[in-house]
Engineer: 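Pasting in a structure now, in structure tokens, and then I'll have a few things to ask.
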Amino acid sequence: MATHAGGLTLGGLVRAFGERRVLDGLDLTIAPGEFVALIGRSGSGKSTLLRVLAGIDHEVTSFERLNAPGKVSVVFQDARLLPWKRVLDNVILGLTGPDARERGRTALDEVGLAGRERAWPVELSGGEQQRVALARSLVRDPELLLADEPFGALDALTRLRMHALLRRLCERHRPAVLLVTHDVDEAIALADRVAVLEDGRIAADLPVDLPTPRTPGSPAYADLRDRLLTLLGVDTGELALATDDRATERRATEGEER
């Protein structure tokens, strides 16, 4: 894999498993400091792409261009903390230099965990563990941050808090970001662009031209959400009816309880 300072350029990337091409001539460009969310149906190859970019998958079938920065960090859905190491030691794992521990403390402060350096991972909530995982990624000052559904296992309120935290951290550190998610609302909330992966290629690449904070109730938000859901094969008309039915049922239940 060729390296360059910041950003990402992919051209004609192919990754096959036997006769099946999971990635089939995929093209994708991310500018330095740009945040791109990647969505797609299950099995479309999203995680496969991240493994290739992270250097975990070395069996790329072919490519025309594959240029990524030299400094790449990954955040997974599972925080993957070592249970026998304290929080600070997890953050600076593999980091060398006389200032490693100080850099680790600074990173923990950035994610709101100052003072928890000597805690064990088991003492942390799921959201706190993901904060440690973010600190571990950002302490290395990555030029490209790869995030594979990092908030998928968290409850709704914690996810919203983590969204706000990730936005702040990315504004401060300015890495190029590729976020894989199944959540269309998460993609809209965080990204500058949303790319849709289908049949091993980018089928659509839509800019998110919405002011921040992004309000789900706005017409522009709703229009973009409907477009993305349609690209994913979701019938937004049926979805709206189902949502209305659930709301009606909830109101009826609340009335009976009174």
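Bear in mind the structure is a predicted one, so any value in this text is a computation, not a measurement.
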Engineer: Kindly indicate, with the supporting measurements, whether the criterion side-chain contact (heavy atoms from CB on, under 4.5 Å) is fulfilled by V177 and V36.
Structural biologist: CA-CA 6 Å; V177 181; V36 174; over 6 Å; no

Engineer: Search all heavy atoms of Q130 against all heavy atoms of V75 and return the closest pair with its distance.
Structural biologist: NE2-CG1, 4.2 Å

Engineer: Could you grab the distance from atom CG of L134 to atom CD of Q129, nearest 0.5 Å is fine?
Structural biologist: 12.5 Å

Engineer: Which pairs with one or both residues in residues 27-40 pass side-chain hydrogen bond (donor to acceptor under 3.5 Å, both in side chains), sequence neighbours excluded?
Structural biologist: E34-R193

Engineer: Can you pull out every salt bridge (Lys or Arg N to Asp or Glu O under 4.0 Å) where at least one residue sits in residues 13-22? Sequence neighbours excluded, please.
Structural biologist: R15-D57, R21-D24

Engineer: After noting the C-alpha distance and the side-chain angles of R103 and T106, does the key distance pass the side-chain hydrogen bond (donor to acceptor under 3.5 Å, both in side chains) rule?
Structural biologist: CA-CA 5 Å; R103 289 171 61 187; T106 299; over 6 Å; no

Engineer: Check for a donor-acceptor pair, side chain of K71 on one end and backbone N or O of D141 on the other, with a separation under 3.5 Å.
Structural biologist: yes

Engineer: Tell me, do L197 and I39 make a side-chain contact under 4.5 Å, heavy atoms counted?
Structural biologist: no

Engineer: Taking only residues two or more places apart in sequence, or in another chain, which ones meet R172 in a side chain to side chain donor-acceptor pair (under 3.5 Å)?
Structural biologist: E110

Engineer: Hydrophobic clustering (ILVMFWY, side-chain heavy atoms < 4.5 Å, transitive) - are V74 and V139 grouped together?
Structural biologist: no

Engineer: Could you tell me the separation between the NE2 atom of H58 and the CZ atom of R51, rounded to the nearest 0.5 Å?
Structural biologist: 12.0 Å

Engineer: Does L28 belong to the same Ile/Leu/Val/Met/Phe/Trp/Tyr cluster as L146, with side-chain heavy atoms less than 4.5 Å apart forming each link?
Structural biologist: yes

Engineer: Compare every heavy atom of P142 with every heavy atom of S73, then report the nearest pair and how far apart it is.
Structural biologist: OG-CB, 3.6 Å

Engineer: Closest heavy-atom contact between A187 and A37?
Structural biologist: CB-CB, 3.6 Å

Engineer: Write down the atom of L232, the atom of G40, and the distance for their closest heavy-atom approach.
Structural biologist: CD2-CA, 3.7 Å

Engineer: Any side-chain heavy atom of P69 sitting closer than 4.5 Å to one from L144?
Structural biologist: yes

Engineer: Pairs under 3.5 angstrom only: tabulate donor-acceptor contacts from the side chains of residues 111-122 to other protein residues two or more places apart or in another chain.
Structural biologist:
unit_1	atom_1	unit_2	atom_2	d
R116	NH1	E128	OE2	3.4
E117	OE1	G115	N	3.2
E117	OE2	G115	N	3.4

Engineer: Evaluate the side-chain proximity of V196 to I202: yes if any heavy-atom separation is below 4.5 Å, no if none is.
Structural biologist: no

Engineer: Quick check on the hydrophobic clustering: are V72 and L169 connected, directly or via other members, by side-chain heavy-atom contacts under 4.5 Å?
Structural biologist: no

Engineer: Rounded at 0.5 Å granularity, tell me how far OH in Y221 sits from CD1 in I188.
Structural biologist: 4.5 Å

Engineer: Once side chain to side chain donor-acceptor pair (under 3.5 Å) is applied, do any residues pair with D192, and if so which ones, sequence neighbours excluded?
Structural biologist: none

Engineer: I'd like to check the side chain to side chain donor-acceptor pair (under 3.5 Å) partners of R168; sequence neighbours left out, ordered by chain and number.
Structural biologist: none

Engineer: Under 3.5 Å, is there a donor-acceptor pair between the side chain of E143 and the main chain of P175?
Structural biologist: no

Engineer: Using the rule that Ile, Leu, Val, Met, Phe, Trp and Tyr join whenever any side-chain heavy atoms are under 4.5 Å apart, tell me whether F76 and L124 fall into a single cluster.
Structural biologist: no

Engineer: Does a donor on one side chain sit under 3.5 Å from an acceptor on the other, for R227 and T230?
Structural biologist: no

Engineer: Could you check whether any side-chain heavy atom of F35 comes within less than 4.5 Å of a side-chain heavy atom of L179, counting everything from C-beta outward?
Structural biologist: yes

Engineer: Would you please test V14 and V60 for side-chain contact (heavy atoms from CB on, under 4.5 Å) and show each step?
Structural biologist: CA-CA 6 Å; V14 176; V60 172; over 6 Å; no

Engineer: To which residues is L160 joined in a hydrophobic cluster, defined by side-chain heavy-atom contacts under 4.5 Å among Ile, Leu, Val, Met, Phe, Trp and Tyr, whether direct or through other members?
Structural biologist: none

Engineer: Anything under 3.5 Å between a donor and an acceptor, one on a side chain of residues 147-156, the other on a protein residue two or more places apart or in another chain? List them.
Structural biologist:
unit_1	atom_1	unit_2	atom_2	d
D148	OD1	S47	OG	3.3
D148	OD2	S47	OG	3.2
E149	OE1	H182	ND1	2.9
E149	OE2	H182	ND1	3.2
D155	OD1	L157	N	3.2
D155	OD1	T158	N	2.9
D155	OD1	T158	OG1	3.1
D155	OD2	T158	OG1	2.7

Engineer: As an exercise, state the distance from CD1 of I92 to CG of D99, rounded to the nearest 0.5 Å.
Structural biologist: 10.0 Å

Engineer: Do V87 and M162 land in one hydrophobic cluster if side-chain heavy atoms of ILVMFWY residues count as linked below 4.5 Å?
Structural biologist: yes

Engineer: What residues, two or more places apart in sequence or in another chain, satisfy side chain to side chain donor-acceptor pair (under 3.5 Å) together with S137?
Structural biologist: none

Engineer: Got L8 and N67 here, is their nearest side-chain heavy-atom distance under 4.5 Å?
Structural biologist: no

Engineer: Passes side-chain contact (heavy atoms from CB on, under 4.5 Å), L26 versus L10? Steps please.
Structural biologist: CA-CA 7 Å; L26 185 144; L10 293 176; 3.7 Å; yes

Engineer: Under 3.5 Å, is there a donor-acceptor pair between the side chain of R174 and the main chain of G33?
Structural biologist: yes

Engineer: Please identify each residue that fulfils side-chain contact (heavy atoms from CB on, under 4.5 Å) with L82, with sequence neighbours left out.
Structural biologist: W84, K85, N90, L93

Engineer: Applying side-chain contact (heavy atoms from CB on, under 4.5 Å), run through L38 and L178 and close with a yes or a no.
Structural biologist: CA-CA 7 Å; L38 183 68; L178 181 60; 4.1 Å; yes

Engineer: Taking L13 as the fixed residue, which of L49, L53, T61 is the one that meets the side chain to side chain contact (heavy atoms under 4.5 Å, CB included) rule?
Structural biologist: L49

Engineer: For R167, give me all partners under side-chain contact (heavy atoms from CB on, under 4.5 Å), at least two apart in sequence or on another chain.
Structural biologist: H163, A164, A189, L190

Engineer: Ignoring hydrogens, what is the shortest heavy-atom contact between T181 and E186? Give both atom names and the distance.
Structural biologist: OG1-OE1, 2.8 Å

Engineer: Rounded to the nearest 0.5 Å, what separation is found between the OG atom of S44 and the CG atom of L23?
Structural biologist: 9.0 Å

Engineer: Tell me every residue that passes salt bridge (charged side-chain N to carboxylate O under 4.0 Å, His left out) with D183, counting only those two or more places apart in sequence or in another chain.
Structural biologist: R159

